[in-house]
> 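Pasting in a structure now, in structure tokens, and then I'll have a few things to ask.
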Amino acid sequence: MANNEESRGLKSLFDWFANRRNKSGSSNLERQEREIADGLWNKCPKCGVLTYAKDLKANQMVCVECGHHNRVDSDERIRQLIDANTWKPLDEHLRPTDPLQFRDRKLYSDRLRETQEKIGLIDAVKTGLGQINGLPIALGVMDFRFMGGSMGSVVGEKLTRLIEQATQRRYPVVIICTSGGARMQEGMLSLMQMAKISAALQRHQDARLLYIPVLTNPTTGGVTASFAMLGDLIIAEPKATIGFAGRRVIEQTLREKLPEDFQTAEDLLKHGFVDDIVPRTQLKNTLAQLIALHQPMPTTPNMVMWESMSLTSTAAE
């Protein structure tokens with residue numbers, strides 16, 4: 001009898017500890033999920049590793065475990081690339097309109113207003129002047145959050161004005177590209193931006209000035225078909241999707257299966273469409289080195305004398 005009571009007491013004691021452990025475990029799980037939901041941790045979509053959000057941001061949103069490049073917004077891009085207190089935004093007042101009165105599932109004007117209120121941007125690109133490691137630069141940064149980074153009239157106008165400013169000041173131009181292509185809600189007006197930006201880049205090139213596009217994930221459609229591929233040096237981020245038409249459309253047209261790495265930065269590098277693949281953590285220093293390398297040589301009295309002597313000796317010969 002005593003043994004039965006003792007065993008029941010022991011069993012209830014074990015049950016009590018088990019219940020405590022289960023409750024503690026569930027509360028820890030709930031707390032962990034709550035912390036992840038609150039943005040304290042970030043789960044890599046590629047390898048699944050949990051990284052403390054501050055550590056991930058310090059590594060420029062690149063997974064320390066597998067090197068996956070998480071998408072970043074335009075403000076974060078500017079902070080990563082531009083020296084502190086040197087950024088001067090351009091043409092912030094330009095706003096998109098709805099000249100075609102376009103409507104799909106909702107009015108284009110309503111879609112614009114909702115997107116602007118949701119993410120706090122006027123359109124899909126930010127432009128401005130700044131410095132990279134002390135070197136002046138004209139920078140345009142596209143933002144995929146705004147209607148897939150689609151290229152509308154405001155995107156085209158802001159990038160064109162940026163390039164014209166750079167040509168006038170003799171600054172190099174860098175454009176961080178990310179886009180789903182032209183903005184269908186603006187029809188032909190959107191497609192016109194391809195020619196407008198390309199013409200401004202031609203004038204920039206005629207002035208013997210540097211232009212570097214940086215292709216990030218994804219860069220597709222009309223952006224790829226125009227200014228994204230017109231650089232003196234074309235840089236891409238690792239594993240970025242880069243192309244014109246989508247994989248499914250191409251496969252249906254060709255009626256054949258495409259390679260797994262088709263339209264990746266690595267595939268384009270192999271076939272000569274991009275010049276280099278640069279991890280985001282190395283991008284600022286790489287751009288600074290390229291810009292410094294392509295800066296006009298300063299004219300000094302010794303250089304003028306040397307050039308005069310060279311011309312004299314050439315004429316004598």
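Because the structure is predicted, anything quoted here is derived from the model rather than measured.
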> List for me each residue that meets side chain to side chain donor-acceptor pair (under 3.5 Å) alongside N285, sequence neighbours excluded, and say none if there are none.
N133

> Decide yes or no for F273 and I234: does some side-chain heavy atom of the first lie under 4.5 Å from some side-chain heavy atom of the second?
no

> State the CE-CG distance between M61 and D73, to the nearest 0.5 angstrom.
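Interatomic distance, M61 CE to D73 CG, rounded to 0.5 Å: 9.0 Å.
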
> Does anything in residues 132-143 pair up under salt bridge (charged side-chain N to carboxylate O under 4.0 Å, His left out), and if so which pairs, sequence neighbours excluded?
D143-R145

> Supply the members, apart from L94, of the Ile/Leu/Val/Met/Phe/Trp/Tyr cluster built from side-chain contacts under 4.5 Å; use none for a lone residue.
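Members alongside L94: V154.
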
> Identify the heavy atoms of L159 and G140 that sit nearest to each other, and give their distance.
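Smallest interatomic distance, heavy atoms only, reads CD2-CA, 4.3 Å.
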
> What are the two closest heavy atoms between S150 and V155, and how far apart are they?
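Closest approach of S150 to V155, heavy atoms only: O-CG2, 3.8 Å.
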
> Run the side-chain contact (heavy atoms from CB on, under 4.5 Å) test on S74 and L121 for me, step by step, so that the C-alpha distance in whole Å, both residues' side-chain angles and the decisive distance to 0.1 Å come before the verdict.
CA-CA 10 Å; S74 52; L121 293 178; 4.2 Å; yes

> With rounding to the nearest 0.5 angstrom, report the CD to CG distance, Q131 to L139.
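Reported value, rounded in 0.5 Å steps: 13.0 Å.
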
> I'd like to check M147 versus Q185 (side-chain heavy atoms, cut-off strictly below 4.5 Å). Are they in contact?
yes

> Does NZ belonging to K196 count more than 12 external heavy atoms closer than 6.0 Å?
yes

> Would you say S198 and L230 make side-chain contact, with heavy atoms under 4.5 Å?
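Yes - at least one pair of side-chain heavy atoms lies under 4.5 Å apart.
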
> Please report the shortest heavy-atom distance between A166 and H204, naming the atom on each side.
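So the minimum-distance heavy-atom pair works out to CB-CE1, 3.9 Å.
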
> Give me each pair satisfying salt bridge (charged side-chain N to carboxylate O under 4.0 Å, His left out) with a member in residues 278-294, each pair once, sequence neighbours excluded.
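Qualifying pairs: D83-K284, E237-R280.
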
> What's the separation between atom OH in Y171 and atom CG in L135, rounded to the nearest 0.5 Å?
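Reported value, rounded in 0.5 Å steps: 11.0 Å.
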
> Got a sec, which residues hit side chain to side chain donor-acceptor pair (under 3.5 Å) with N70, two or more places apart in sequence or on another chain?
none

> Report all side-chain donor-acceptor pairs from residues 99-109 shorter than 3.5 Å, counting only partners two or more places apart or in another chain.
unit_1, atom_1, unit_2, atom_2, d
Q101, NE2, D98, O, 3.0
D104, OD1, K106, N, 3.3
D104, OD1, R111, NH2, 2.5
K106, NZ, E114, OE1, 2.7
Y108, OH, R183, NH1, 3.2
Y108, OH, E186, OE2, 2.7

> Would you mind writing out the side-chain donor-acceptor pairs for residues 172-181 within the sub-3.5 Å range, not counting sequence neighbours?
unit_1, atom_1, unit_2, atom_2, d
T178, OG1, P218, O, 3.2
S179, OG, G149, O, 2.7
S179, OG, G181, N, 2.9
S179, OG, G181, O, 3.3

> I'd like to know if E164 and R203 make a salt bridge, using a cut-off of under 4.0 Å between side-chain N and carboxylate O.
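Answer for the salt bridge query: yes.
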
> Side-chain contact test, heavy atoms from C-beta onward, threshold under 4.5 Å: evaluate it for R169 versus L129 and give yes or no.
yes

> When you measure from the side chain of S190 to the backbone of M151, do you find a donor-acceptor pair of N or O atoms at a distance under 3.5 Å?
yes

> Among all residues two or more places apart in sequence or in another chain, which pass the side chain to side chain donor-acceptor pair (under 3.5 Å) test with K126?
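So K126 forms a side chain to side chain donor-acceptor pair (under 3.5 Å) with D75.
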
> Does anything in residues 257-268 form a side-chain hydrogen bond (donor to acceptor under 3.5 Å, both in side chains)? List the pairs, not counting sequence neighbours.
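Listed once each, the pairs are D267-H271.
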
> Would you compute the distance between atom CG of N42 and atom CG of L40 and round it to the nearest 0.5 angstrom?
11.5 Å

> If we only count heavy atoms from C-beta on, is the I137 to I82 side-chain gap below 4.5 Å?
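A side-chain contact exists here, since the closest heavy-atom pair is under 4.5 Å.
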
> Can you check whether Q116 reaches P96 side chain to side chain, under 4.5 Å on heavy atoms?
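Contact flag for Q116/P96 side chains = yes.
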
> Can you measure from OG1 (T224) to CZ (F244) and round to the nearest 0.5 angstrom?
8.5 Å

> Might you work through the salt bridge (charged side-chain N to carboxylate O under 4.0 Å, His left out) test for E76 and R79, ending with a clear yes or no?
CA-CA 5 Å; E76 183 64 24; R79 283 192 292 270; 2.8 Å; yes

> Specify the closest pair of heavy atoms between I277 and P279, including all atoms of both residues, with the distance to one decimal.
O-CD, 4.0 Å

> So do M142 and V223 actually touch side chain to side chain, heavy atoms under 4.5 Å?
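When only atoms from C-beta onward are counted, M142 and V223 do touch, with a gap below 4.5 Å.
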
> Mind listing the side-chain donor-acceptor pairs of residues 205-213 below 3.5 Å, one per line with the distance, residues two or more places apart or on another chain?
unit_1, atom_1, unit_2, atom_2, d
Q205, OE1, Q202, NE2, 3.2
D206, OD1, Q202, NE2, 2.9
Y211, OH, F227, O, 2.6

> If you compare all heavy atoms of V249 against all heavy atoms of T253, which two are closest, and at what distance to 0.1 Å?
O-OG1, 2.8 Å

> Hey, is the main chain of L162 close enough, under 3.5 Å, to the side chain of T127 for a donor-acceptor pair?
no

> Please examine the side chains of V141 and I78, heavy atoms only from C-beta on, and report whether any two atoms are closer than 4.5 Å.
yes

> How close do R247 and P259 get, counting heavy atoms only, and between which atoms?
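Answer, listing the atom of R247 first, then P259: NH2-O, 2.9 Å.
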
> Distance from I163 atom CD1 to L201 atom CG, nearest 0.5 Å?
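Reported to 0.5 Å precision, the distance equals 3.5 Å.
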
> What residues form a side chain to side chain donor-acceptor pair (under 3.5 Å) with R161, not counting sequence neighbours?
D91, E157

> How would you list all residue pairs meeting ring-ring contact (aromatic ring centres under 6.0 Å, His included) that involve residues 50-92, not counting sequence neighbours?
W41-Y52

